Amino acid sequence: MKAPVIPTPDDGLCWLTGASSGIGEALLADLVKEGWRVAISARSADKLDALARRHPGQVFAYPVDISDDRAVAATVAQIESDHGPIARAILNAGVYISIEAENPSFEEYAKTFDVNLKGAAACVCALTPRFCERGKGQLVIVSSATAFGGMPTATAYGATKAGLLNMAEGLAIELHRYGVKVQCVTPGFVDTPAQDDNAFPKPFMVSAETAAKRICKGMNRNGFEITFPKRFTWVLKLIYALPRDWHIALVRKQTGWDKPPETKKPA
């Protein structure tokens with residue numbers, strides 16, 4: 001069996017989705033410093049073009065809506081036609097929409113599922129046959145610590161992130177024999193616009209730049225999970241390891257959802 005090898009910039013291109021802001025934009029800066037040529041994708045062509053102009057000959061803009069599987073497949077084919085094989089793919093695109101159960105929106109659930117989960121599936125389907133045929137490659141799926149268990153107002157987001165963690169685990173099991181490295185990122189709170197609608201406390205929140213550095217460090221190591229800050233994510237893991245009745249009650253209390261509806265005020 002061929003053990004996966006972590007690729008280097010000499011092996012090909014890096015494809016980064018969700019590159020136009022937040023963690024993606026910060027990741028791009030670090031990847032460029034490491035010497036990677038990077039194909040960047042997001043829906044905003046203007047933002048991508050501006051980023052590419054900062055790094056001529058090293059960063060290339062490929063706007064795409066990742067919830068469109070045909071467009072994703074065409075984009076991956078075009079990237080490889082233009083620049084050679086994708087050696088590392090970082091599936092970072094995602095949306096966070098706060099939804100409260102007393103006033104839910106099916107459209108917001110559907111949008112979250114389409115981008116976060118369906119979009120990642122579209123990318124996986126476009127990439128993994130190529131990786132398997134070549135017998136190498138690195139696939140990095142950005143999930144979240146909300147994948148560990150339920151959180152208020154994150155019922156759509158958390159469901160998709162739990163799905164991504166499960167997807168990454170399954171792919172890691174299957175693709176190892178082809179020499180393909182699969183990793184999953186499960187960060188805690190990262191200071192991005194996605195957190196603006198999050199009403200409850202955000203302990204140990206890190207900057208997008210710090211998150212990018214942790215991810216880059218993790219991608220160059222052999223472990224499956226890249227999780228940070230560990231003082232937060234490992235505490236969450238312990239909480240969610242408790243019997244479900246216990247951890248549901250504990251999270252309810254800690255986030256302020258143990259108050260009656262008329263007086264409920266998340267901390």
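Just so it is clear, the values below take in all heavy atoms, side chains as well, and ignore hydrogens, waters and symmetry mates. We number each residue from 1, following the sequence as shown. In this text, all values refer to a predicted model and were calculated from it rather than measured experimentally.
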Practice problem: Given side-chain contact (heavy atoms from CB on, under 4.5 Å), test Met167 with Leu117 step by step and report yes or no. | Solution: CA-CA 9 Å; Met167 180 189 296; Leu117 200 51; 4.1 Å; yes
When rounded to the nearest 0.5 Å, the distance separating CZ of Phe189 from OG1 of Thr146 is 8.5 Å
Minimal heavy-atom distance between Thr255 and Pro152, with the atoms involved, is OG1-CG, 3.5 Å
Single-linkage hydrophobic cluster, 4.5 Å side-chain cutoff, Ile6 and Leu171 together: no
Handout entry: Stepwise side chain to side chain donor-acceptor pair (under 3.5 Å) check, Ser67 with Asp65
Key = CA-CA 5 Å; Ser67 65; Asp65 179 352; 2.8 Å; yes
Taken to the nearest 0.5 Å, the spacing of Ile40 CD1 from Ile90 CD1 works out to 12.0 Å
* **Whether Tyr178 side chain and Pro4 backbone form a donor-acceptor pair below 3.5 Å** => no
Trp246 with Leu250, same ILVMFWY side-chain cluster at under 4.5 Å: yes
Closest non-hydrogen atoms of Ala87 and Trp36, given as atom of the first, atom of the second and distance, are CB-CZ3, 4.2 Å
May I ask you to check whether Tyr96 and Thr153 show a side-chain donor-acceptor distance below 3.5 Å? yes
side-chain contact (heavy atoms from CB on, under 4.5 Å) between Glu80 and His83, intermediate numbers included:
CA-CA 5 Å; Glu80 294 206 336; His83 304 289; over 6 Å; no
Can you hop from Leu236 to Ile248 via hydrophobic side chains spaced under 4.5 Å?
no
Rounded to the nearest 0.5 angstrom, the CD1-CG distance for Ile86 and Leu139 is 10.5 Å
Nearest heavy-atom contact between Leu175 and Cys132 is CD2-SG, 3.5 Å
| request: Without swapping roles, check the side chain of Ser81 against the backbone of Ala77 for a donor-acceptor pair under 3.5 Å. | output: no
Original post:
If only atom types and distance count, is the side chain of Gln58 paired as donor or acceptor with the main-chain N or O of Val32 below 3.5 Å?
Top reply: yes
Check: Tyr157/Ser98 side-chain N/O donor and acceptor closer than 3.5 Å:
no
Nearest heavy-atom approach of Gly188 to Thr233 is N-CG2, 3.8 Å
Taken to the nearest 0.5 Å, the spacing of Thr8 OG1 from Asn220 CG works out to 9.5 Å
Sorted by chain and number, sequence neighbours left out, ring pair (Phe, Tyr, Trp, His ring centres under 6.0 Å) with Phe228 holds for none
Tell me whether Lys161 contacts the main-chain N or O of Phe148 through its side chain, where contact means a donor paired with an acceptor under 3.5 Å. no
Report task. Might you confirm whether atom CZ of Arg43 has over 12 heavy atoms from other residues, nucleotides or ligands at distances under 6.0 Å? Result -> no
In short, Ala208 meets Ile23 closest at the heavy-atom pair CB-N, 4.1 Å
Value for CZ (Phe224) from NZ (Lys181), rounded to nearest 0.5 Å, stands at 9.0 Å
Would the distance check show the side chain of Gln138 and the main-chain N or O of Met219 forming a donor-acceptor pair, the cut-off being under 3.5 Å? yes
Kindly say whether Gly218 contributes a backbone atom to a donor-acceptor pair with the side chain of Gln183 at under 3.5 angstrom? yes
Heavy-atom closest pair (Cys184 atom, Leu165 atom, distance to 0.1 Å) is SG-CD1, 3.7 Å
Separation between CG (Asn116) and CG (Leu91), nearest 0.5 Å, reads 11.5 Å
Counting only N and O atoms by type, is there a donor-acceptor contact under 3.5 Å from the side chain of Thr17 to the main-chain atoms of Ser41?
no
- Task: Please check if Phe232 and Leu242 belong to a single hydrophobic cluster, counting links between Ile, Leu, Val, Met, Phe, Trp and Tyr side chain heavy atoms closer than 4.5 Å.
- Result: yes
